Asker: 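Supplied in structure tokens, the structure appears directly below.
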Protein chains: 2
Amino acid sequence: MSVTREKILELGEELILTKGYNGFSYQDISTAMGIKNAAVHYYFPSKETLGTSILKTNVQRFEEMVENMQNRNFDEWHQLESFMKIYLKSNRENKICLIGSLGTDINTLNDPMRVELQKMVDRIVSWLESILLSGKEKGLFEFSISAHDQALQILSSLIAGLQLARILNKSEFKNIHQSIWEEITPQNKK
Amino acid sequence: MSVTREKILELGEELILTKGYNGFSYQDISTAMGIKNAAVHYYFPSKETLGTSILKTNVQRFEEMVENMQNRNFDEWHQLESFMKIYLKSNRENKICLIGSLGTDINTLNDPMRVELQKMVDRIVSWLESILLSGKEKGLFEFSISAHDQALQILSSLIAGLQLARILNKSEFKNIHQSIWEEITPQNKK
DNA sequence: ACAAATATACTTACTAATAAGTAAAATCAA
DNA sequence: TTGATTTTACTTATTAGTAAGTATATTTGT
């Protein structure tokens, strides 16, 4: 694989997470890389092919992380912790997440991008749901609503947590992160 | 006040909530209203003055709602319910909320817009916090984390709930809305 | 082994469309 | 008639996208 192509994907993702999909241009990528805008079009003919590739790369990265955690026999608690660490890192870097960013622009995206975005979110929600369910059976987690709803609840907190932290104060995300754990950890009875 | 001006504000807000701040143009507004793009510039010289005005209008609308609820002696439970109804309506209309939309684009906004956005979120969070706190004292709500963190938690769920619902399925928001109530309503012991 | 053909990775130099924004003239309403 | 409103007719900048060319490898046929 071309290193230029990889770098474009990386930069494109970063730009979506910092400036939003409609807030960056091929010029932003090309000038940052010291190449010409046509070179970006060489690898990704349209902005939407770039967007779709970024989404596919992300799903792949997610699947690799899940597989890696299973190979290492991570329990559900540690799997969830690893997932949440991604968001802690994004917060440190003043980024939001792909879901929150593209969720804003969804009506301006073409079908392939929308389909890929939906696939990605579907996959993450169903993984979260399964982790929560089996973790609950083992007594690692405790919650009264359905695993699906609890998954949506946690994911929402993470997504909007990053957005709120960027508007208000970076450090507010720590509180949101903390609250998620307190809500599903058994030792904290209400 | 000019009815044209009001209509521009209304349409501008709708466009931010459906296509995102960087996803709409003055052309979108003018063609939808059957006027020329220069007429929009007459009322709002720049896109950022329009954005700032939309935010200020929203804060004002929020303050009016709060005042109205206090005049009618709404208890904390009904005040929270009224607030959440705004989000239910947005979900029905396939809109997200200003916070989630502008949270994505924040790095592309000018200072006045950023300041106004922060003011708006600050105001909403502190209101939510106060409602949660006095509601808890009356036994209307129950939660173990701080009122501030609980406010952030609820607001996050609402903001990202709308985004997730638009990506996945409109009806998913009902589950998120339901989960918020179950979490803070005393009768549902865990 | 060596030349010819071909593929890779770009640049140069453009479009065509759309963006925000403006100056000045025309229209409207009291 | 005066001031508020709106259009006409622009400008300037930026956007995504493309056509054609170029240098450098890589492959292929003989």
Side-chain angles (χ1 to χ4, degrees), chain A residues 1-55 57 101-102 104-114 116-117, chain B residues 1-55 101-102 104-114 116:
Chain A
M1 271 278 164
S2 158
V3 60
T4 307
R5 197 189 128 98
E6 304 273 308
K7 185 86 189 125
I8 293 170
L9 280 169
E10 202 178 300
L11 243 165
E13 180 173 334
E14 191 183 318
L15 286 163
I16 292 176
L17 305 184
T18 51
K19 303 178 73 181
Y21 184 77
N22 292 316
F24 84 95
S25 71
Y26 269 31
Q27 224 63 253
D28 291 330
I29 293 177
S30 59
T31 56
M33 290 180 63
I35 57 176
K36 299 292 153 178
N37 121 55
V40 185
H41 279 283
Y42 171 73
Y43 289 100
F44 302 99
S46 70
K47 200 179 178 182
E48 276 142 351
T49 57
L50 173 59
T52 309
S53 296
I54 289 169
L55 283 167
T57 304
S101 183
L102 296 176
T104 294
D105 299 320
I106 194 159
N107 293 325
T108 67
L109 308 178
N110 69 349
D111 277 350
M113 265 196 87
R114 262 202 288 260
E116 215 54 46
L117 177 59
Chain B
M1 273 274 166
S2 158
V3 61
T4 307
R5 196 191 129 98
E6 304 272 308
K7 184 86 190 124
I8 294 170
L9 279 169
E10 204 179 298
L11 244 167
E13 180 173 335
E14 192 183 318
L15 286 164
I16 293 177
L17 305 183
T18 51
K19 305 179 72 181
Y21 184 77
N22 291 316
F24 84 94
S25 70
Y26 269 31
Q27 224 64 253
D28 291 329
I29 294 176
S30 60
T31 56
M33 289 180 63
I35 57 175
K36 301 291 156 181
N37 118 53
V40 185
H41 279 283
Y42 170 73
Y43 290 100
F44 303 98
S46 71
K47 201 179 178 183
E48 277 142 349
T49 58
L50 173 58
T52 309
S53 295
I54 289 169
L55 284 166
S101 183
L102 296 177
T104 294
D105 300 320
I106 194 161
N107 292 326
T108 68
L109 308 177
N110 69 350
D111 277 351
M113 265 195 88
R114 264 204 287 261
E116 216 52 48

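Excluded from the calculations below are hydrogen atoms, water molecules and symmetry mates; all remaining heavy atoms, backbone and side chain alike, are included. Note on naming: letters A, B, ... go to the chains in the order of the sequence lines (proteins, then strands), and numbering restarts at 1 for each one. Here the structure is a predicted model, which means the values were calculated and not measured.
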Asker: Should A/T4 be listed as having a side-chain N or O under 4.0 Å from OP1 or OP2 of C/dA9?
Answerer: no
Asker: Look at the side chain of B/A38 and decide which nucleotide, out of D/dA9, C/dA13, C/dC10, has an atom nearest to it.
Answerer: D/dA9
Asker: Using a 3.5 Å distance criterion without hydrogens, assess whether the side chain of B/D111 forms a donor-acceptor pair with backbone atoms of B/R114.
Answerer: no
Asker: D/dT6 phosphate, OP1 or OP2: any side-chain N/O from B/Y43 under 4.0 angstrom?
Answerer: yes
Asker: Where the side chain of B/S46 is defined as all heavy atoms beyond and including C-beta, which of D/dG17, C/dC10, C/dG21 is the nearest nucleotide?
Answerer: C/dG21
Asker: Base, sugar-phosphate, or nothing for A/K36, non-hydrogen atoms under 4.0 angstrom?
Answerer: base
Asker: Is the backbone of A/K36 close enough, under 3.5 Å, to the side chain of A/Y26 for a donor and an acceptor to pair up by distance?
Answerer: no
Asker: On a heavy-atom basis, which atom in A/Y21 and which in A/K47 lie closest, and how many Å separate them?
Answerer: O-NZ, 2.7 Å
Asker: Could you check which residues of residues 7-31 of chain B get a heavy atom under 4.0 Å from DNA chain D? Sort them by number, please.
Answerer: none
Asker: Taking five pairs at each end of the helix from C/dA1-D/dT30 to C/dA30-D/dT1, what angle separates the two helix axes (nearest 10°)?
Answerer: 30°
Asker: Send over the distance from B/L50 CG to C/dA19 P, rounded to a whole Å.
Answerer: 15 Å
Asker: Just how far, in rounded Å, is C1' of C/dT18 from NZ of A/K47?
Answerer: 13 Å
Asker: Can you tell me how far OG of B/S53 sits from CZ of B/R5, rounded to the nearest 0.5 angstrom?
Answerer: 5.0 Å
Asker: Just to verify, which of B/I16, B/T104, B/D105 counts as forming a side-chain contact (heavy atoms from CB on, under 4.5 Å) with B/N22?
Answerer: B/D105
Asker: In this structure, how many angstroms lie between the P atom of D/dT8 and the CD1 atom of B/I35, rounded?
Answerer: 12 Å
Asker: Figure out the OH/C1' separation between A/Y42 and D/dT22, and round it to whole Å.
Answerer: 13 Å
Asker: Give a yes or no on whether the backbone of A/I106 and the side-chain of B/K19 come within a donor-acceptor separation of less than 3.5 Å.
Answerer: no
Asker: In whole angstrom, what separates A/N37's CG from D/dG17's P?
Answerer: 10 Å
Asker: May I ask you to decide if A/V40's main-chain N or O and A/N37's side chain share a donor-acceptor pair within less than 3.5 Å?
Answerer: no
Asker: Decide side-chain contact (heavy atoms from CB on, under 4.5 Å) for B/T4 and B/M33; before the verdict, give the C-alpha distance in whole Å, the side-chain angles of both, and the deciding distance to 0.1 Å.
Answerer: CA-CA 9 Å; B/T4 307; B/M33 289 180 63; 3.8 Å; yes
Asker: Heavy atoms, side chains only, cut-off 4.5 Å: are B/L9 and B/E13 in contact?
Answerer: no
Asker: Starting at NE2 of A/H41 and ending at C1' of D/dT14, how long is that distance when rounded to a whole Å?
Answerer: 12 Å
